[in-house]
Colleague: 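Please read through the structure below; I'll follow up with questions.
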Amino acid sequence: PHRAFLPRTAATAFARLATEVAIDGVALRYAYSLKTSPDAEYLALARGVGMLAECISQFEVRRAIESGWPADMIVLNGPGKWWPDTMPPTDGLRAVFCDSIEEMERLATSGRTDRLWGVRLRVPEFPSRFGIPLDEPALFERLCAAIATLPQQRAFGIHLHLASTFIGVGHWQDAVESAIVWARTIESAAGRAVSALDFGGGYHPDDFAHIPFRDVMHFARQNLPSLSDVYVEPGRALTQASMALITRVLDVRRSRGAADEIVVDACIADLPLIGVYPHRVFRMTDGALRPIGRGSGRVLGRICMEDDVLFVGLDLPDDIGIGDRLVVCDAGAYERSMSYAFGRAGYA
């Protein structure tokens with residue numbers, strides 16, 4: 001199987017973010033999440049349109065700096081952001097968002113000089129493995145006490161990440177507005193103004209244009225008068241459609257003369273999220289791409305795993321044969337960065 005980068009599709013997606021947006025005096029800043037896809041082509045496009053870099057490890061921070069981002073253009077997130085501890089952590093970042101109270105308490109005494117420190121919230125009624133839960137009074141009191149000890153010269157921010165891909169745009173807005181109300185409560189209890197919000201990523205390309213960022217920013221400005229910046233990480237929305245995977249048919253199985261199943265040389269190692277969201281599929285014939293619609297056929301991967309089923313319910317052409325090629329679209333983002341070399345016997 002061959003993964004093809006689609007440069008015009010990628011350039012068009014990134015170009016839409018080239019203009020900085022300000023609403024009610026609050027700047028909407030886009031940050032490219034390196035975990036989405038750290039390929040050089042994407043990093044260059046993100047740098048070219050002035051995006052910040054969003055990292056979740058010290059490896060990613062180093063990659064961002066090597067790719068041209070200065071430290072004060074890097075946002076650091078996640079539960080394991082200081083890993084690996086064998087690598088000296090980069091100081092002077094734009095923002096560091098803590099995933100626990102313990103991490104914030106350590107950060108308060110670290111002597112670091114980052115521009116902004118903040119916390120990631122786990123708002124009630126929206127389950128997540130990330131962030132600090134807010135529905136226990138004792139934990140909330142401890143959180144506010146930790147925030148109150150932060151150096152006065154350090155700006156303070158709030159981070160929330162709940163992927164709209166999984167909870168839907170409407171629930172996403174509900175969660176974000178809930179976090180904003182909690183941020184206002186934290187301001188009052190801890191005596192620290194919130195100057196930045198980070199809404200994270202996880203936006204499907206089809207949803208991103210419909211996310212009501214303007215409405216949310218109006219709501220945030222009304223509740224947080226010191227707010228100056230809102231960060232959004234649209235990595236998946238920019239890169240998912242900009243790669244395709246070309247795969248070859250290895251076997252065709254027929255029932256009553258019709259193609260019932262095919263085996264291809266791609267597998268779930270090449271497309272690890274194949275069952276999570278829809279992928280467009282085309283057949284290459286006579287130099288042209290012809291879409292394959294819905295039907296009853298199955299596309300099976302090459303490896304001996306029961307779950308290596310790439311598609312269920314495709315209208316496989318009756319004349320499809322061994323050696324024919326299919327093109328699986330929407331194979332960028334995590335389909336690229338999470339792919340792995342299983343079933344290759346150690347060969348790349």
Side-chain angles (χ1 to χ4, degrees), residues 1-18 30-49 51-56 60 63-64 67 75 77-78 161-169 171-172 198-213 231-247 264 266-282 289 291-294 299 301 309-312 314 326-340:
H2 172 72
R3 198 177 300 271
F5 173 62
L6 309 177
R8 288 183 296 179
T9 301
T12 299
F14 278 85
R16 296 192 186 105
L17 305 186
Y30 297 109
Y32 182 72
S33 51
L34 268 72
K35 65 181 177 295
T36 306
S37 186
D39 291 357
E41 297 92 339
Y42 293 121
L43 302 185
L45 286 168
R47 287 281 297 123
V49 298
M51 296 180 72
L52 306 175
E54 189 265 343
C55 302
I56 61 169
E60 289 192 353
R63 174 74 163 153
S67 300
V75 177
N77 274 316
H161 177 81
L162 287 167
S164 66
T165 304
F166 297 114
I167 66 173
V169 173
H171 286 304
W172 177 90
D198 189 328
F199 294 151
Y203 309 104
H204 190 277
D206 294 341
D207 290 342
F208 189 64
H210 304 291
I211 298 289
F213 290 119
Y231 303 136
V232 174
E233 302 153 21
R236 178 179 183 179
L238 300 177
T239 61
Q240 185 169 295
S242 62
M243 277 191 174
L245 189 77
I246 304 169
T247 183
V264 297
C267 68
I268 55 173
D270 305 300
L271 297 165
L273 298 181
I274 192 67
V276 175
Y277 63 89
H279 295 65
R280 293 165 294 165
V281 184
F282 294 81
L289 294 179
I292 297 179
R294 301 296 298 171
V299 178
V309 179
L310 301 183
F311 294 99
V312 176
L314 287 188
L326 303 182
V327 178
V328 181
C329 295
D330 311 298
Y334 299 113
E335 291 281 47
R336 166 67 181 91
S337 59
M338 293 177 65
S339 60
Y340 49 99

Colleague: How long is the span from the CZ atom in Arg336 to the CG atom in Leu271, to the nearest 0.5 Å?
Modeller: 12.0 Å
Colleague: Please report the shortest heavy-atom distance between Leu245 and Ala266, naming the atom on each side.
Modeller: CD2-CB, 3.7 Å
Colleague: Show, in sequence, the C-alpha distance, side-chain angles and deciding distance for Leu17 and Leu238, and conclude whether the side chain to side chain contact (heavy atoms under 4.5 Å, CB included) test is met.
Modeller: CA-CA 10 Å; Leu17 305 186; Leu238 300 177; 3.7 Å; yes
Colleague: Between Phe5 and Tyr42, does the ring centre distance come in under 6.0 Å?
Modeller: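 Yes.
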Colleague: Got a second to check how far Ile246's CD1 is from Asp270's CG, nearest 0.5 Å?
Modeller: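 Answer rounded to 0.5 Å: 12.5 Å.
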Colleague: Checking Phe208 now: which residues fulfil ring pair (Phe, Tyr, Trp, His ring centres under 6.0 Å) with it, not counting sequence neighbours?
Modeller: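 Phe208 satisfies ring pair (Phe, Tyr, Trp, His ring centres under 6.0 Å) with Tyr203, Phe213 once adjacent residues are dropped.
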Colleague: Please check: side-chain N/O of Ser337 versus main-chain N/O of Lys35, any donor-acceptor pairing under 3.5 Å?
Modeller: yes
Colleague: Given Glu233 and Asp198, is the side chain to side chain contact (heavy atoms under 4.5 Å, CB included) satisfied, shown in steps?
Modeller: CA-CA 8 Å; Glu233 302 153 21; Asp198 189 328; 2.9 Å; yes
Colleague: Taking Thr165 for its side chain and Gly202 for its backbone only, find out whether a donor-acceptor pair lies under 3.5 Å.
Modeller: yes
Colleague: State the CE-OH distance between Met51 and Tyr231, to the nearest 0.5 angstrom.
Modeller: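 So the gap between those two atoms works out to 13.0 Å.
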Colleague: Flag this pair as yes if the NZ/CZ of Arg236 is under 6.0 angstrom from the six-membered ring centre of Tyr277 and inside a 45 degree cone about the axis; otherwise no.
Modeller: yes
Colleague: Under 4.5 Å between any side-chain heavy atoms of Ser242 and Thr12, yes or no?
Modeller: no
Colleague: Between Glu41 and Pro7 (side chain of the first, backbone of the second, donor and acceptor by atom type, cut-off under 3.5 Å), is there such a pair?
Modeller: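 No, the answer is negative, given that no donor and acceptor are paired below the 3.5 Å cut-off.
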Colleague: Find the distance between OG (Ser33) and CG (Leu52) and round it off to the nearest 0.5 Å.
Modeller: 12.0 Å
Colleague: Do the non-hydrogen side-chain atoms of Val328 and Phe311 ever get within less than 4.5 Å of each other?
Modeller: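 In short, these two side chains touch, coming nearer than 4.5 Å.
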Colleague: What's the shortest heavy-atom distance between Phe14 and Val49, and which atoms?
Modeller: O-CG1, 3.6 Å
Colleague: I need the minimum non-hydrogen distance between Leu310 and Ile268, along with the two atoms involved.
Modeller: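 In this case the closest contact between Leu310 and Ile268 is CD2-N, 3.8 Å.
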Colleague: For Thr239 and Gly332, indicate whether the former's side chain and the latter's backbone hold a donor-acceptor pair under 3.5 Å.
Modeller: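 The answer is no, because no donor-acceptor pair under 3.5 Å joins these two groups.
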Colleague: Considering non-hydrogen atoms only, spot the tightest contact between Pro234 and Tyr30 and give its length.
Modeller: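 Distance-wise, the nearest heavy atoms are CG-CD2, 3.9 Å.
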Colleague: Hey, are the side chains of Ile292 and Phe282 touching, using non-hydrogen atoms and a 4.5 Å cut-off?
Modeller: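 No, too far: nothing below the 4.5 Å cut-off.
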Colleague: Within the side chain of Arg63, is there an N or O that forms a donor-acceptor pair under 3.5 Å with the backbone of Cys55?
Modeller: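 No, Arg63 side chain to Cys55 backbone: no donor-acceptor pair under 3.5 Å.
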Colleague: Looking at every heavy atom in both Ser67 and Leu43, which two are closest together, and how far apart are they?
Modeller: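 That would be OG-CD1, 3.2 Å.
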Colleague: Do side-chain atoms of His171 reach the backbone of Ser164 as a donor and acceptor pair under 3.5 angstrom?
Modeller: no
Colleague: What are the two closest heavy atoms between Glu335 and Leu273, and how far apart are they?
Modeller: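 For Glu335 versus Leu273, the nearest heavy atoms are OE1-N, 2.7 Å.
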Colleague: For the backbone of Gly168 and the side chain of Asp207, can you confirm whether one donor and one acceptor N or O come within less than 3.5 Å of each other?
Modeller: no
Colleague: Spell out, as yes or no, whether a donor-acceptor pair under 3.5 Å connects the side chain of Gln240 to the backbone of His204.
Modeller: no
